[in-house]
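First comes the structure, then the notes that go with it.
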Amino acid sequence: MPPKLRLRGQDVEWQTKVRYLGVQIDRSMRMAAQVEQVIHQSRAARSMLRPVLRSHLPLRAKLALYKGYIRSRLTYAAPAWYALCSISRRKRIQAQQSIALRMIVGAGRYVLNDVIARDLRIETVEEFIRRIARRMFDFADQGPHEILRNIAPTHERSPSGRPLPREITKTSPPK
């Protein structure tokens, strides 16, 4: 660690991760802490909603609850951090959606997650994030505020090979 900083006469402790606007950023920018946080939040929301999601409510009502309470926690500020996640972390986030959808429909083990999502017309988490990221960047690029235009330009990848947030809009979803 570098030497301690002093700000207005007080020592500032170095941290290995920081929370900024609800997003956990670790020093390696791998977003491991953020993924753990969204998984924990979605599990908590799912456990609180379990009686409702397993009830005899109409399917549309249960899907609205999923989208409003669980998916919103999984994808909070995702256009900024999702591109930095590894494939295994992306799969863990997708698994949380699959668990929730399986609970909503009461599907057995023999039903594939892809079949459940297709029948419910629910896009994968990655497709949803890609869609909202495109919309966010398009809105910023075409908006009236000059300072927001091209806020995250598309660049070649850095020498480290780390993806940039706008790259999530350029890649096609895996089949």
Side-chain angles (χ1 to χ4, degrees), residues 1-2 4-5 7-8 10-49 53 63-101 117 122-174:
M1 288 289 192
K4 286 190 176 182
L5 294 176
L7 183 64
R8 295 185 181 182
Q10 294 184 348
D11 288 337
V12 177
E13 294 287 328
W14 285 102
Q15 301 290 322
T16 57
K17 63 182 177 182
V18 65
R19 187 174 185 163
Y20 182 69
L21 297 176
V23 176
Q24 294 276 347
I25 303 169
D26 52 9
R27 73 187 238 183
S28 65
M29 294 295 288
R30 301 267 189 251
M31 306 314 278
Q34 175 65 16
V35 171
E36 292 304 319
Q37 178 186 353
V38 299
I39 288 174
H40 175 73
Q41 288 179 344
S42 71
R43 282 180 180 160
R46 196 175 65 238
S47 69
M48 286 188 289
L49 291 172
L53 295 178
L63 287 175
L65 285 170
Y66 161 74
K67 290 176 182 178
Y69 289 100
I70 299 171
R71 185 169 70 181
S72 64
R73 282 161 176 75
L74 283 174
T75 60
Y76 174 75
W81 57 265
Y82 191 78
L84 300 170
C85 291
S86 66
I87 300 295
S88 62
R89 290 192 178 104
R90 291 179 185 196
K91 287 180 180 179
R92 290 187 65 208
I93 294 169
Q94 180 60 46
Q96 294 303 308
Q97 173 174 300
S98 299
I99 291 167
L101 296 180
I122 298 289
E123 58 200 340
T124 65
V125 172
E126 186 158 336
E127 290 166 346
F128 177 73
I129 293 170
R130 182 173 285 113
R131 184 170 54 85
I132 63 174
R134 269 194 204 107
R135 193 170 72 209
M136 180 193 74
F137 286 124
D138 289 346
F139 182 76
D141 290 343
Q142 299 167 4
H145 306 291
E146 186 69 32
I147 198 165
L148 291 179
R149 291 196 188 123
N150 210 16
I151 195 164
T154 306
H155 295 292
E156 294 297 319
R157 279 204 177 172
S158 66
S160 69
R162 299 300 310 263
L164 300 170
R166 199 175 273 238
E167 285 187 39
I168 193 73
T169 65
K170 303 297 179 199
T171 58
S172 61

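Residues take their numbers from the sequence shown, with the count starting at 1.
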Taking all atoms of both residues into account, what is the closest heavy-atom pair of Tyr76 and Trp81, and its distance?
-> O-NE1, 2.8 Å

What's the spacing between Tyr82 OH and Glu126 CD if we round to 0.5 Å?
-> 4.0 Å

What residues, two or more places apart in sequence or in another chain, satisfy salt bridge (Lys or Arg N to Asp or Glu O under 4.0 Å) together with Arg92?
-> Glu36

Could you tell me whether the side chains of Gln34 and Arg89 share a donor-acceptor contact shorter than 3.5 Å?
-> no

Rounding to 0.5 Å, atoms CG (Leu53) and CE (Met48) come to a distance of 11.0 Å

Using a 4.5 Å cut-off on heavy atoms from C-beta on, say whether the side chain of Arg19 contacts that of Val23.
-> no

Least distance between heavy atoms, Cys85 atom then Met31 atom = SG-CB, 4.0 Å

Flag yes if more than 12 heavy atoms outside Tyr69 fall under 6.0 Å of its OH atom; otherwise flag no.
-> no

Identify, with sequence neighbours excluded, every residue that meets salt bridge (Lys or Arg N to Asp or Glu O under 4.0 Å) alongside Arg135.
-> none

Value rounded to 0.5 Å, distance of CG in Leu74 from OG in Ser42 = 4.0 Å

Partner residues of Ala64 under the side chain to side chain contact (heavy atoms under 4.5 Å, CB included) criterion, sequence neighbours left out | none

Considering all heavy atoms of both residues, which atom of Ala44 and which atom of Ser47 are nearest to each other, and what is their separation?
-> O-OG, 2.9 Å

Look up atom CG in Asp26 and atom CZ in Arg30, then write down how far apart they are to the nearest 0.5 Å.
-> 8.5 Å

One should read off an interatomic distance between Ile93 CD1 and Thr124 OG1, to the nearest 0.5 angstrom, of 11.5 Å

Separation of Ser98 OG from Ile122 CD1 (nearest 0.5 Å) = 11.5 Å

Classify the side-chain pair Tyr66/Gln97 by whether it contains a donor and acceptor separated by less than 3.5 Å.
-> yes

Is there side-chain contact between Arg73 and Val38, with at least one heavy-atom pair below 4.5 Å?
-> no

Give the minimum heavy-atom separation between Ala45 and Ile70, together with the two atoms involved.
-> CB-CG1, 4.1 Å

